[in-house]
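Presented below is the structure to which this report refers.
Start at 1 and go down the list; that is how both ligands and their atoms are numbered. It should be emphasised that the depicted structure is a prediction, and the values quoted were computed from it without experimental measurement.
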Amino acid sequence: MPTQLQHARDGETTAAMRRVAERENVDPEFVREEVAAGHAVIPANREHPSLDPMVIGEAFSTKVNANIGNSEETSSREEELKKLHTAVHHGADTVMDLSTGSDLDGVREANVRYSPVPVGTVPIYEAVKRADSVGDITFEMLFEVIEKQAEQGVDYMTIHAGVLMEHLPLTDGRKTGIVSRGGSILAKWMEDNAAQNPLYARFEELCEVFAEYDVTFSLGDGLRPGCLADAGDDAQYAELETLGELVAVAREHGVQAMVEGPGHVPLDMVAEQVDREREVCDGAPFYLLGPLVTDVAPGYDHITSAIGATEAARAGAAMLCYVTPKEHLGLPDAEDVRDGLAAYRIAAHAGDVAAGLPGARDWDDALSEARYAFDWRRQFDLSLDPERAREFHDQTLPGDNYKEARFCSMCGAEFCSMRIDQDAREDGEMDRIADETDLEDSPAAEVNRPPVGTHDTSRVPELPAFLREIHEDDRSGAAADDWSRVRN
Ligand SMILES: C[C@H]1O[C@@H](n2cnc3c(N)ncnc32)[C@H](O)[C@@H]1O
Ligand SMILES: Cc1ncc(COP(=O)(O)O)c(N)n1
Ligand code: SF4
Ligand SMILES: [Zn+2]
């Protein structure tokens, strides 16, 4: 069966292309062209029935990925499903199950089963768990793991095929060496076996499995810089050249491919990283982790990285991989997932506005109109995180009557500048403003909800009972079976 890429090249618009066109408010033919060119991907494994397809590409709204998954040290299957739920509820466009602890198959199968968004994995992690030591991993083991995960419905997989033997000496002078897990594992394997990276050497065999299930490559940046000092060094850019080569091989096999990027990068270098990837990888969608624009703020790395991510989105990144406040410190929990997603939804949207994505600013305009009109309920409904906005307002002014008040507790009734401003305007002036902003054909007037958490969850099986209980206790207070804020 042809992949989305092959269909697109054959001039055929698939159901998935039509669905993502509807979600992006563009012509399906435009989606087809972008997919055919390899400039966009629709990660949609044939074995993932609960998926609502979505598109990743520079020409479309910037997407956000949430990393979840357990580690040897902590987390259970229940906790993982709760994180999946939190991620989807707060607007993750994809999730990656990066589990390295116990019950890998159980956690992965549950995640795919209950996820309306594409699920990504890094198969080399499971291969490490199967082997006695890293050096003992064989290509056959890797291939088996990849094939099984494809069968389980994983939509995209990080494959660190760009870390080559000849690149390793380039990392010698680095301040933080190799910080990618997959990169460090493959470097160790090559040293132990004195042989080339098997994911590179036998990449074409991987393409065949990927094509069979229509799994999308996420070509991993195993040599990404782990600190500002290492950003843009020879090791990083040598790997990028190899990734560019592999994008072409994947496309020849009809397999969709995106490319992963750093990491830790000073703000003034972020745009050149995006431009370089576009050029070297022939416009393949760029999927960045962060980047963190300073190394000095552990505990706040959702902020250090959202700054870099905003600039990356503005410069043309297709998807941002979130970083949570726990980065460099420990495994994130559900609350960290929420904080990371809020930071990254902001980054993605701010980048889209600055890049001039058609329609992106309508959301800002709609919220601002509600704010100036003191329509507090509409302001909350339109907020990126409505539950938080409502909660914060209620902390000082909980009464229902304050939901129409012409002030909040920041300035108080007497000093509310918007109230003073409106009262000072001449008669008729306010009517004019209202007329101008409330026009039937104003795009802002048609924005009725934030464009997050709008996945169609109708094909997701009913949640297991334990998760419903967890969610009823959740301070977000959303309905137990409500995966997204608003179903569409
Ligand atoms: C590559 C990046 O992936 C993230 N990462 C790795 N494993 C997990 C996990 N189990 N849960 C959440 N994030 C993870 C870290 O942020 C790391 O830096
Ligand atoms: C955007 C992104 N997300 C996840 C990983 C996998 O992590 P690692 O390279 O450390 O194995 C990655 N390389 N890039
Ligand atoms: S996040 Fe923690 S476990 Fe992972 S590489 Fe950094 S120090 Fe090691
Ligand atoms: Zn780091």
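Every atom of ligand 2 is numbered from 1 in the order shown, and the set under 4.0 Å from a heavy atom of Asp221 is 12 (C), 13 (N), 14 (N). With ligand atoms numbered from 1 in the order given, ligand 2 contributes 8 (P), 11 (O) to contacts under 4.0 Å with heavy atoms of Gly182.
Only the side chain of Glu260 comes within 4.0 Å of ligand 2, judged by heavy-atom distances. Within the 4.0 Å heavy-atom criterion, the part of Cys321 lying near ligand 2 is the side chain and not the backbone.
For atom 9 (O) of ligand 2, the nearest protein heavy atom (residue, atom name, distance) is Ser180 OG, 2.7 Å. Closest protein heavy atom to atom 6 (C) of ligand 2: Tyr125 OH, 3.6 Å. The closest protein non-hydrogen atom to atom 5 (S) of ligand 3 is Val179 O, 4.9 Å. Regarding atom 4 (C) of ligand 2, its nearest protein heavy-atom neighbour is Met96 SD, 4.0 Å. The shortest contact between atom 1 (S) of ligand 3 and any protein heavy atom is with His328 CA, 4.2 Å.
If you check the side chains of Tyr200 and Glu245, you find a donor sitting under 3.5 Å from an acceptor. Between the side chains of Ser305 and Tyr344, at least one donor N or O lies within less than 3.5 Å of an accepting N or O. Using a 3.5 Å distance cut-off with no hydrogens or angles, the side chains of His48 and Asp155 do pair a donor with an acceptor. A donor-acceptor contact under 3.5 angstrom links the side chains of Gln4 and Thr14, judged on distance only.
The Zn ion (ligand 4) has an N, O or S atom of His264 inside 2.8 Å of it.
We find that Glu140 and Arg202 are joined by a salt bridge, their nearest charged nitrogen and carboxylate oxygen being less than 4.0 Å apart. A salt bridge is defined here as a Lys NZ or Arg NE, NH1 or NH2 lying under 4.0 Å from an Asp or Glu carboxylate O, and Arg276 with Glu272 fails to meet this definition.
Within His328, the N, O or S atom lying nearest to the Zn ion (ligand 4) carries the name NE2.
Remark: among candidates Arg181, Met319, His160, the nearest residue to atom 10 (O) of ligand 2 is Arg181, based on non-hydrogen atoms.
Separating the OG1 atom in Thr121 from the CG atom in Asp97 is a distance of 7.5 Å, to the nearest 0.5 Å.
Annotation: Phe30 is in aromatic contact with Phe60 [ring centroid separation under 6.0 Å].
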